[in-house]
Amino acid sequence: MFVITSEVNAGRRSTEAITVSSFKRLAQTVFGLEFQIHQAPGFAQMLKEGAKHFSGLEEAVYRNIQACKELAQTTRTAYGPNGMNKMVINHMEKLFVTNDAATILRELEVQHPAAKMIVMASHMQEQEVGDGTNFVLVFAGALLELAEELLRIGLSVSEAMSIFPDSGHFNVDNIRVCKILGSGIYSSSVLHGMVFKKETEGDVTSVKDAKIAVYSCPFDGMITETKGTVLIKTAEELMNFSKGEENLMDAQVKAIADTGANVIVTGGKVADMALHYANKYNIMLVRLNSKWDLRRLCKTVGATALPRLTPPVLEEIGHCDNVYLSEVGDTQVVVFKHEKEDGAISTIVLRGSTDNLMDDIERAVDDGVNTFKVLTRDKRLVPGGGATEIELAKQITSYGETCPGLEQYAIKKFAEAFEAIPRALAENSGVKANEVISKLYAVHQEGNKNVGLDIEAEVPAVKDMLEAGILDTYLGKYWAIKLATNAAVTVLRVDQIIMAKPAGGPKPPSGKKDWDDDQND
């Protein structure tokens, strides 16, 4: 690389890199010169032309911190019950209006390497707990912002990090959500079983005390693996040939009916002839294209999905109290219902006026289900509304004052980072954050550990979170603090950024949506 240095405002220097090939062309055009320019010695000569390299405190560490702070600031205004919604349009031009941080991050597709570490930490929080992703972002951003202050007053990166030491089953898939447009939120209901936005294939639309046979293959006759040619000379031979095929299908469907099965669920297409014989033997026929739905249904009714159209044995047949076709709003649905409440899977039927509203409610349901999952692992709860964070900040600050040397500054800044949570709640509620923080510290100094921010008050006010019933899961807080801290430490450990030149290759065609989607006929 050939480097040109120029003077700019306030006596600062800026460097602009010109590629070797560009400078050669410039020299040849302006001066008519032909000469060889060698790359500058050092790390840059080991990289391909077009690669980027940043190092040191100013170029790498502060640059990384700034990217993470901006990411945290983006989602901070969406934190808490009074958080603002974000309007996100993803690369597929799909619109999302939400304040759910997990959805915002998933659709933003963050590219900065340091910011990606914070995003990965929030994804781990989503996988481990299912909630609290925005807490991770806000807290990690606050940690890095305060770490930057320490670095600017002269502490080294190692002194900012040395205070961090190394240190009943419930499946969320058991709760299924079915969204049906129309009516209102209060028309939503819970059903023990499964609901599919499908219609039945045959004439039978309701079966009580259903015996269910599930097939992952098409409901059709056998197809040979190799092609064959049949030579038909007369009309009688043609009649006999088609009659033989009909008799074979009749025998297959009759054999299934003889096992006691009165509902057939198939994962493939349904042939007209097979449908005719299903109606003949009074069998209800349902088609599910999704293998995921097929597996969930098998779990719900206790059936085994068969790969071929063979009669099921008794252990492979599922059972359901009632299977029927119903209409919710103007949408046809097939319901597999258990009368008892001890079924493996339940379905929440959500109603709403718009798709965006139902998507938001679905995310709220998902958070609630994950909270229940966390409580089955650890039943401990902590006060919400910023009470836990202020108490941690108070106790960690007290500990920092007992520590000698430079580490006390890092400990106190770590404690100060916890203030970001009640501060964000206060700002999003429209009250003065500094006044709220002062009141919380004053109350906690008196020994009232459960007092947090009262977001319903029009003025800065506090109240007992335990009495108000505003609680957070202990495990959710534990993992959020751990993951945010680890992500911040990882970002601070980076002192070089090396970005390879983006690969070339063909660009996707413009103006064509879904050009890379598989076509499932």
Trace of the side chain to side chain contact (heavy atoms under 4.5 Å, CB included) decision for K94 with I89: CA-CA 5 Å; K94 184 177 180 181; I89 301 174; over 6 Å; no

Residues that F196 engages under ring-ring contact (aromatic ring centres under 6.0 Å, His included), provided they are two or more places apart: F336

Residue pairs passing the salt bridge (charged side-chain N to carboxylate O under 4.0 Å, His left out) test where at least one lies in residues 408-417, sequence neighbours excluded: E149-K413, K413-E416

Begin from the C-alpha positions of D472 and L381 and carry the test side chain to side chain contact (heavy atoms under 4.5 Å, CB included) through to its verdict. CA-CA 6 Å; D472 285 331; L381 296 167; over 6 Å; no

Could I get the full list of side chain to side chain contact (heavy atoms under 4.5 Å, CB included) partners for Y399, not counting sequence neighbours? T402, C403, I411

For S398, side chain to side chain contact (heavy atoms under 4.5 Å, CB included) partners two or more places apart: none

Any donor-acceptor pair under 3.5 Å from R380 side chain to L475 backbone: no

Donor + acceptor pair across side chains of R363, T98 (<3.5 Å): yes

Give a yes or no on whether the backbone of A305 and the side-chain of S216 come within a donor-acceptor separation of less than 3.5 Å. no

What pairs with E362 under side chain to side chain contact (heavy atoms under 4.5 Å, CB included), at least two apart in sequence or on another chain? V177, K179, L350, D359

Any sub-3.5 Å donor-acceptor pair from T347's side-chain atoms to G193's backbone N or O? yes

Donor-acceptor pairs under 3.5 Å, side chain of residues 288-295 to any protein atom, not counting sequence neighbours: which ones?
| unit_1 | atom_1 | unit_2 | atom_2 | d |
| --- | --- | --- | --- | --- |
| N289 | OD1 | R287 | NE | 3.1 |
| S290 | OG | W292 | N | 3.2 |
| S290 | OG | D293 | N | 3.2 |

Per the side-chain hydrogen bond (donor to acceptor under 3.5 Å, both in side chains) rule, what does the pair list look like for residues 113-133, sequence neighbours excluded? E128-R377

Donor-acceptor under 3.5 Å (D464 side chain, E467 main chain): yes

Counterpart residues, side chain to side chain contact (heavy atoms under 4.5 Å, CB included), relative to E391 (two or more places apart): K394, Q395, H444, K449

Determine which pairs satisfy salt bridge (charged side-chain N to carboxylate O under 4.0 Å, His left out) with at least one residue from residues 429-447, sequence neighbours left out, and list them in order. none

Salt bridge (Lys or Arg N to Asp or Glu O under 4.0 Å) with D355: which residues, sequence neighbours excluded? none

Residue pairs fulfilling salt bridge (charged side-chain N to carboxylate O under 4.0 Å, His left out) with at least one residue in residues 138-147, sequence neighbours excluded: none

Tell me, which pairs form a side-chain hydrogen bond (donor to acceptor under 3.5 Å, both in side chains) where one or both residues lie in residues 68-80, sequence neighbours left out? Q66-E70, K69-E148, T75-N134, T77-K86

Between I118 and A140 the two heavy atoms that sit nearest each other are CD1-CB, 3.9 Å

Flag the pair K477 and E389 as a salt bridge only when some basic side-chain nitrogen lies within less than 4.0 angstrom of an acidic carboxylate oxygen. yes

Spell out, as yes or no, whether a donor-acceptor pair under 3.5 Å connects the side chain of S187 to the backbone of S183. no

